[in-house]
Amino acid sequence: MNFHILTLFPEMVMQGLSTSIIGKAIERGLISIEAVNIRDYTTDKHGKVDDYTYGGGAGMLMQAQPVYDAYQAVAGKISGEGIAKNKDENVNSRARVIYVTPQGRTFNQKMAKDFAKEKDLIFLCGHYEGIDERVLEEIVTDYVSIGDYVLTGGELPAMVMIDSISRLVPGVLHNEESATTESFHNDLLEYPQYSRPEVWMGKRVPEILLSGDHAKVDKWRLEQSIERTKRLRPDLYEKWKLRQE
Ligand code: ADE
């Protein structure tokens, strides 16, 4: 799985994604992450990538030209397939281009699973007041948000999404089971877990977990998941209940 990130702050995403599990996955060749500096593609002799908005309004807008040329450089490299002539062609046969924006669909585990099937993904990170609409129309296939709040740029959302997609790539998590038993799998939150010691601050690990009876443990965990989901995420619980019927 290859991630390509179009950004004005390549060092931010590379640093953020080079440690721990994701860093190991890169070292092991399971995923690759390339940050492309949009500024390297501007034709402006002063290296400018933004300008005022037509019609007035506060702030600066990222211009179409450097974004498009950065995209073309990446798309041209991917599988040597060349560049999509238009957005529709992109949807059908080219790498998906995800524009991270608060105006997009809210990212969730189901979308992470869907994106994890791709060979290449291109993330486009905006800054300032956003990006000229014309280049978005030309190259973007997916508009995705990470929640109803506004950040200063798209780098953190892109990193959030790349982290959650990467851990679904086969081999990235050593324990394959953990990607299927954790929270949001089956619309339920994960059950509570305990490690040594058996008693900590006077609190005892639930007796059933020490019983060695796997069927009973599984039943207890499912009950805990259901109870916890009902209490903490009634919206998810309703979804789960509907699916049971
Ligand atoms: N850029 C700024 N805020 C964002 C958000 N909430 N999600 C995705 N991209 C963003």
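We count ligands from 1, going down the list as the structure has it; atoms in each ligand are counted the same way.
A pairwise comparison of heavy atoms in Pro66 and Tyr41 identifies O-CB, 3.7 Å as the closest pair. Here the closest non-hydrogen pair linking Val144 and Phe115 is CG2-CZ, 4.2 Å.
Taking the six-membered ring where tryptophan is involved, the planes of Trp220 and Tyr194 are tilted, since the angle between them lies from 30° to 60°.
Salt-bridge formation is detected for the pair Arg231/Glu227: a Lys NZ or Arg NE/NH1/NH2 atom is positioned less than 4.0 Å from an Asp or Glu carboxylate oxygen.
For the salt bridge (charged side-chain N to carboxylate O under 4.0 Å, His left out) with Lys48, the lone residue among Asp51, Asp44, Asp50 that qualifies is Asp51.
The contact shell of ligand 1, taken as protein residues with any non-hydrogen atom closer than 4.0 angstrom, comprises Val100, Thr101, Pro102, Val144, Ser145, Ile146, Gly147, Tyr149, Val150, Leu151, Gly153, Pro157.
At a cut-off of 3.5 Å, with distance as the only test, a side-chain donor of Thr43 or Gln65 sits close to an acceptor on the other residue.
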